[in-house]
Student: 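One structure, pasted below without further comment.
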Amino acid sequence: MSQEPSDEDLLEGWLVGDSSAFEEFFRRHSSRVVAYAVKKGIQREEALEIVQDVFLKLHANIDHYEVGRRALPWFFTLVHHTCLDRLKRGGKLGARIERATERELDALPAPLNKVDDEGFAPDLTSALSRLPTDQQKILAMRLFEEMSFQEISQRTGRSEVSLRKVYSRALQNIREWMGVRKGDSR
Amino acid sequence: MREDDNSIAKDYAIFVEDETLPMTPIEATAAKDRIRKDLVRSPGQMALIYFGLSVVGYIASLAVCAQNAFGLSAIAHAVSYHIHQLPDPWCPILCGSVFTGIPFVLSLMFLNRFQHRYLIFRMWWFFASVPVFATGLMMILPSKFQHARMSGPMADAVARGDVMSNGAWMALWAASAILLPYILEGIVYLVVRPRRYIAARSNRID
């Protein structure tokens with residue numbers, strides 16, 4: 001009976017271009033990465049993007065793997081830093097939304113820009129913060145960074161069609177949530 | 001600092017504990033696709049790619065050799081003339097090198113570093129046999145060489161008396177044709193070989 005290859009053997013196999021070694025390493029550890037990211041407070045959808053980021057980074061940097069070194073701690077360092085980067089980026093985005101000026105808010109499409117000034121920003125900020133992270137990011141890139149869908153597509157690697165869908169879903173969510181809040185206050 | 005270390009150690013413990021969140025096959029495929037295309041799925045696939053590149057390379061080499069041997073253009077004539085002004089041992093060495101040099105250049109251009117490593121570490125026997133096979137194939141067509149050596153500008157060298165026996169010429173040609181790719185691939189090996197871990201210089205968590 002053949003012995004299962006160790007993680008070290010798999011990384012070494014991946015390093016020399018063996019696709020089956022990569023597949024096995026991915027099978028063993030991708031679900032671990034998702035679980036770790038979720039425990040760190042990242043949503044599952046985004047955790048899946050982290051898996052892709054982590055494995056792509058590992059692939060690009062696999063030349064730095066030193067044969068004989070324990071594989072899992074080395075891999076963990078990459079996972080940990082990728083999660084931290086993602087959380088930091090999320091934090092920056094949140095701050096950006098908080099700092100949104102009235103002028104930026106005016107740029108929002110109708111009917112959002114028709115809402116009364118009074119209580120507008122807190123409502124909007126609260127509605128934005130309720131959006132899933134990917135919708136928040138795309139909305140922020142589109143409205144606050146004034147990027148075209150093509151530019152967003154280049155940055156995120158997602159198709160323009162899918163971005164437009166996410167963007168319109170985000171606007172719809174905001175409209176609904178803000179409508180509910182206005183109704184409550186009456 | 002110590003607190004940071006503890007925190008990372010705790011995170012590592014969380015990471016390695018058994019709890020996992022499996023991905024669906026579709027999610028996994030999407031994540032893997034970009035990496036898969038760089039890697040080698042099977043020795044057969046690699047053999048086919050390398051063999052194809054070698055065939056194209058050898059045909060290109062023969063085209064270059066024929067161009068020079070027959071002096072088909074003014075440049076080819078000039079190059080050939082200068083090559084054959086070289087003292088005799090260098091002519092077969094140069095010709096042999098051109099013969100296997102172009103396939104190597106092609107493999108360098110079209111194989112990525114993973115494929116190159118696979119070739120060196122997992123299929124060295126195949127890589128090693130291709131130049132021997134190709135050179136052997138050329139050796140069973142000696143009349144072609146004879147013709148090439150004795151025609152065009154090469155005839156000048158023969159006329160000068162700067163000639164070796166055919167056997168010696170072909171032996172040198174074959175040796176350089178076989179050795180050149182080995183030497184060049186040896187250099188590639190030095191560049192792409194995996195690094196060894198030296199525990200003493202590390203202060204990391206492993």
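Chain A is the first sequence line, chain B the second, and so forth, proteins listed ahead of strands; every chain is numbered from 1. Because only heavy atoms are used, hydrogens play no part in the values below, and waters and symmetry mates are left out as well, while side chains stay in.
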Student: Evaluate the side chain to side chain contact (heavy atoms under 4.5 Å, CB included) criterion for residues B:Phe114 and A:Val16: first the C-alpha distance (whole Å), next the side-chain angles of each, then the deciding distance (0.1 Å), finally the verdict.
Tutor: CA-CA 5 Å; B:Phe114 293 101; A:Val16 299; over 6 Å; no
Student: Counting heavy-atom pairs under 4.5 Å to chain B, which of A:Asp53, A:Leu48, A:Val33, A:Leu58 comes out on top?
Tutor: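 Of A:Asp53, A:Leu48, A:Val33, A:Leu58, A:Leu48 has the most heavy-atom pairs under 4.5 Å with chain B.
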Student: Of the backbone (N, CA, C, O) and the side chain (C-beta and beyond), which part of A:Arg27 lies under 4.5 Å from a heavy atom of chain B, both, or neither?
Tutor: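 No part of A:Arg27 comes within 4.5 Å of chain B.
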Student: Going through the distances and angles, do B:Arg117 and A:Asp18 end up as a salt bridge (charged side-chain N to carboxylate O under 4.0 Å, His left out)?
Tutor: CA-CA 9 Å; B:Arg117 281 200 197 101; A:Asp18 185 350; over 6 Å; no
Student: What residue, out of B:Met46, B:Arg193, B:Arg34, B:Gln115, has the most heavy-atom pairs lying under 4.5 Å from chain A?
Tutor: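 Counting heavy-atom pairs under 4.5 Å, the top option is B:Arg34.
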Student: Under the ring pair (Phe, Tyr, Trp, His ring centres under 6.0 Å) rule, what do B:Phe15 and A:His80 come out as? Steps first, then yes or no, please.
Tutor: CA-CA 9 Å; B:Phe15 181 70; A:His80 181 69; 9.7 Å; no
Student: So, taking the atom named NZ in B:Lys32 and the one named OG in A:Ser19, what distance separates them when rounded to the nearest 0.5 Å?
Tutor: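 These two atoms lie 8.5 Å from each other.
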Student: Taking side chain as everything from C-beta outward and backbone as N, CA, C, O, which of these in A:Ala37 sits under 4.5 Å from a heavy atom of chain B? Side chain, backbone, both or neither.
Tutor: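 The answer is neither part of A:Ala37.
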Student: Around B:Phe51, counting heavy atoms of other residues, nucleotides and ligands shown, do more than 12 lie under 6.0 Å from its CZ?
Tutor: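 Result for CZ/B:Phe51: open.
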Student: B:Arg36 vs A:Phe22, test: side chain to side chain contact (heavy atoms under 4.5 Å, CB included). Steps then yes/no.
Tutor: CA-CA 8 Å; B:Arg36 269 181 185 154; A:Phe22 154 68; 4.1 Å; yes
Student: Near A:Leu56 CG, under 6.0 Å, is it more than 12 heavy atoms from other residues, nucleotides or ligands?
Tutor: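 Yes, because the 6.0 Å sphere around CG of A:Leu56 holds more than 12 heavy atoms from other groups.
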Student: Do B:Glu17 and A:Lys39 meet the salt-bridge criterion of a basic N to acidic O distance under 4.0 Å?
Tutor: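 Between B:Glu17 and A:Lys39 there is a salt bridge, with a charged N closer than 4.0 Å to a carboxylate O.
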Student: Can you list the steps and then say if A:Lys40 with B:Asp11 is a side chain to side chain contact (heavy atoms under 4.5 Å, CB included)?
Tutor: CA-CA 9 Å; A:Lys40 281 285 182 190; B:Asp11 282 344; 3.0 Å; yes
Student: After noting the C-alpha distance and the side-chain angles of A:Arg32 and B:Val16, does the key distance pass the side chain to side chain contact (heavy atoms under 4.5 Å, CB included) rule?
Tutor: CA-CA 7 Å; A:Arg32 208 186 280 281; B:Val16 294; 4.3 Å; yes
Student: Tell me whether the count of non-hydrogen atoms from other residues, nucleotides or ligands lying under 6.0 Å of CD in A:Glu45 goes above 12.
Tutor: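 Not buried by this count: 12 neighbours or fewer within 6.0 Å.
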Student: Could you tell me which portion of A:Phe26 (side chain, backbone, both or neither) has an atom closer than 4.5 angstrom to a non-hydrogen atom of chain B?
Tutor: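 Contact with chain B: side chain only.
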Student: So which part of A:His64 gets closer than 4.5 Å to some heavy atom of chain B, the side chain, the backbone, both or neither?
Tutor: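 Backbone plus side chain of A:His64, per the 4.5 Å heavy-atom cut-off to chain B.
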